[in-house]
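Worksheet: one structure, shown below.
Please read all numbers here as calculations on a predicted model, not as lab measurements. Hydrogens, waters and symmetry mates play no part in the numbers below; they use all other heavy atoms, side chains included.
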Amino acid sequence: MSYFFTRTTRSHRLPAALALLGAILVGGCSQPSTLQEIREEGVLHVITRVAPSIYYQEQDTLTGYDYELAEAFAAHLGVELRVREADNNPEILSVLERNFAHIGLAGLTSEPALEERFKTVPTGMSVQSVLVYHSEAAGPDSLADLKGQTIHILAGSSHSHVLPDLDLANVESHPDLDIAGLLKRVDSGEFSYAVISSNELDLNHVFFPRVLEAFAFNKPRQLVWLLPKVQDESLARAITDFLEQTRRSGLMAQLQERFYGHLDRLDYVGARTFMHHLDNRLPQYQAMFEQYARNYGMDWRLLAAIGYQESHWRPNAVSPTGVRGLMMLTQTTAKYIGINNRLDAEESIEGGARYFRLIHGRIPERIAEPDRTWFALASYNVGYGHLEDARRLTESAGKDPDRWMDVKEFLPLLTQREWYSKTRFGYARGHEPVTYVQNIRRYYDVLVRITEPGLPADAEPEQTLAWIGPPPEENGAQTPPPAEDESTIHAALPPELGLIPPTL
């Protein structure tokens, strides 16, 4: 059993005892309200499990959609967040029933049986129970096709409330598996059918390319946070009010974009192709990606993801427009950054790292990560000037030009005369940078998962914010000259200076 104590995103393991925690939390009728107790103690106690959709630890950082909402709520209350890590949902429910935590994050939807045992607060994230099957199994077209089949689910999941209505021959629950373990068995063919939450499928699908989606059993239902039934209503009301504030402020939408906004970019064929190239092409170039990413203060996996998006790691790739090489440098770009042979893999990788580093330095420092990196990727693809045009359109529409989730709505408008006629740099294929950024984010996910064996089996690694750091001073990396105003930026870096994805 492991415990976490966190005040920010850094974690420190501390021994703790349930009895002590129970003594803190359990009180008599004369005790102040739950919310008052939390504020007096200065601690919000949360019980959860490791899952990419909820909570996980990556290096020294704790993250996850529900975790970050809980962390923001604790900050809103002005208290510390202490997280206890459970093995599975039955343990979470047991801890809550004994009133040994304030909130349970279990990735469950509200069901009548659950509401009888706990207070529930909807989180704003809707999911469905989805049937998945092995690619070589018979793909079911309807519920009738499942008659007599064995359906596998995780113990303590919400799906147990859906499946009994189907009168299936056998539903097998697995208390010792997590979502990755369940999907692995479907991917290998050991299990023919399983039911999981749609958000869990979104986060894990690319890693299990032989898992196919059939259909959903139910309409979308909101995930809920669970609170002990013996609590008064003060904490539930405070959470409800806070989540409504996050919805109105856009924080909830931004978190959903950050964790889920890029997950639809790899289909079955694309996922299998990428995994094949990981084994057969990447080993030839990984050392180069590592070296030049280190030289220019980048995460090598981000540089490799860019390279895969550009050429599928093919050093001799050539587009119909003459863009070429592993990093698909234009002739203008190569000349600008001092690359002589675009078809030389090492020169191309170094050029891509140098150019991306330069582009990243152009993005305003006030833009926080990861948005700053996503803007840099879009600029790398479509050109800095066109990105600035889209940011101006975003601002003129009353949205935030410093948030990727807002700007990516306006980039595609650069293909329409009524919009690009209002901009400085005119027409651009604005759909491409949106797809480009989403693809690279997904490729990066896979690379981190594979190269960090210390990550939890089902961790979603995309949220690392250490993609870009200051380049080592001794590496001789080219950095852009300081620009006093926008005209200087555009003079130094023409809007057309970018990398164009080839036709593959």
Is any side-chain heavy atom of [X] closer than 4.5 Å to a side-chain heavy atom of [Y]?
X      : Y      : answer
His431 : Pro412 : yes
Val437 : Lys408 : no
Tyr67  : Val83  : yes
Ile450 : Leu278 : yes
Tyr193 : Leu131 : yes

No-hydrogen, no-angle side-chain donor-acceptor test under 3.5 Å, [X] and [Y]:
X      : Y      : answer
Arg49  : Asn89  : yes
Asp299 : Tyr444 : yes
Ser379 : Arg362 : no
Thr373 : Glu369 : yes

Does the pair [X]/[Y] count as a salt bridge with the N-to-O cut at 4.0 Å?
X      : Y      : answer
Asp389 : Arg392 : yes
Glu388 : Arg424 : no
Arg372 : Asp402 : no

Any sub-3.5 Å donor-acceptor pair from [X]'s side-chain atoms to [Y]'s backbone N or O?
X      : Y      : value
Thr435 : Glu432 : no
Thr246 : Leu251 : no
Arg210 : Asp187 : yes
Glu347 : Asn341 : yes
Ser396 : Leu393 : yes
Arg185 : Gly181 : yes
Asp406 : Pro401 : no
Thr451 : Leu447 : yes
Asp371 : Arg403 : no
Thr123 : Leu223 : yes

Can you label the angle between the [X] ring and the [Y] ring as parallel, tilted or perpendicular, going by 30° and 60°?
X      : Y      : result
Tyr443 : Tyr308 : perpendicular
Trp419 : Phe410 : perpendicular
Tyr380 : Tyr436 : parallel

To the nearest 0.5 Å, how far apart are [atom1] in [X] and [atom2] in [Y]?
X      : Y      : atom1 : atom2 : value
Arg357 : Arg354 : CZ    : CZ    : 13.5 Å
Thr394 : Glu409 : OG1   : CD    : 8.0 Å
Lys422 : Leu413 : NZ    : CG    : 9.5 Å
Leu377 : Phe356 : CG    : CZ    : 4.5 Å
Ile306 : Ser311 : CD1   : OG    : 11.5 Å
Ile103 : Ile92  : CD1   : CD1   : 12.5 Å

What are the two closest heavy atoms between [X] and [Y], and how far apart are they?
X      : Y      : result
Gly352 : Leu303 : C-CD1, 4.2 Å
Ile367 : Arg391 : CD1-NH2, 3.8 Å
Val130 : Ser198 : CG2-CB, 3.7 Å
Ala101 : Ile47  : CB-CG2, 3.8 Å

message: Let's go through Asn199 and Tyr65 carefully: what are the C-alpha distance in whole Å and the side-chain angles of both, what is the deciding distance for side chain to side chain contact (heavy atoms under 4.5 Å, CB included) to 0.1 Å, and is it a yes or a no?
response: CA-CA 11 Å; Asn199 64 324; Tyr65 178 82; over 6 Å; no
message: Go through it in stages, so that I can follow the logic: the residues are Ile337 and Leu329, the test is side chain to side chain contact (heavy atoms under 4.5 Å, CB included), and I'd like the CA-CA distance, side-chain angles, deciding distance and then a yes or no.
response: CA-CA 10 Å; Ile337 58 179; Leu329 298 167; 4.3 Å; yes
query: Hey, is CD on Glu395 packed in by over 12 heavy atoms from elsewhere, all under 6.0 Å?
result: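 It does not: Glu395 CD has 12 such atoms or fewer within range.
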field: Neighbour count >12 (heavy atoms, 6.0 Å) for atom CD, Glu365
entry: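 Not more than 12 within 6.0 Å, no.
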- request: Evaluate the criterion side chain to side chain contact (heavy atoms under 4.5 Å, CB included) for residue pair Gln286 and Trp300; output intermediate values, then yes/no.
  value: CA-CA 8 Å; Gln286 181 171 334; Trp300 76 266; 3.6 Å; yes
query: Is the His360 to Tyr296 ring centre distance short of 6.0 Å?
result: no
message: Does Arg84 form a side chain to side chain contact (heavy atoms under 4.5 Å, CB included) with Glu91? I'd like the steps, not just the answer.
response: CA-CA 11 Å; Arg84 177 191 165 191; Glu91 183 181 346; 2.6 Å; yes
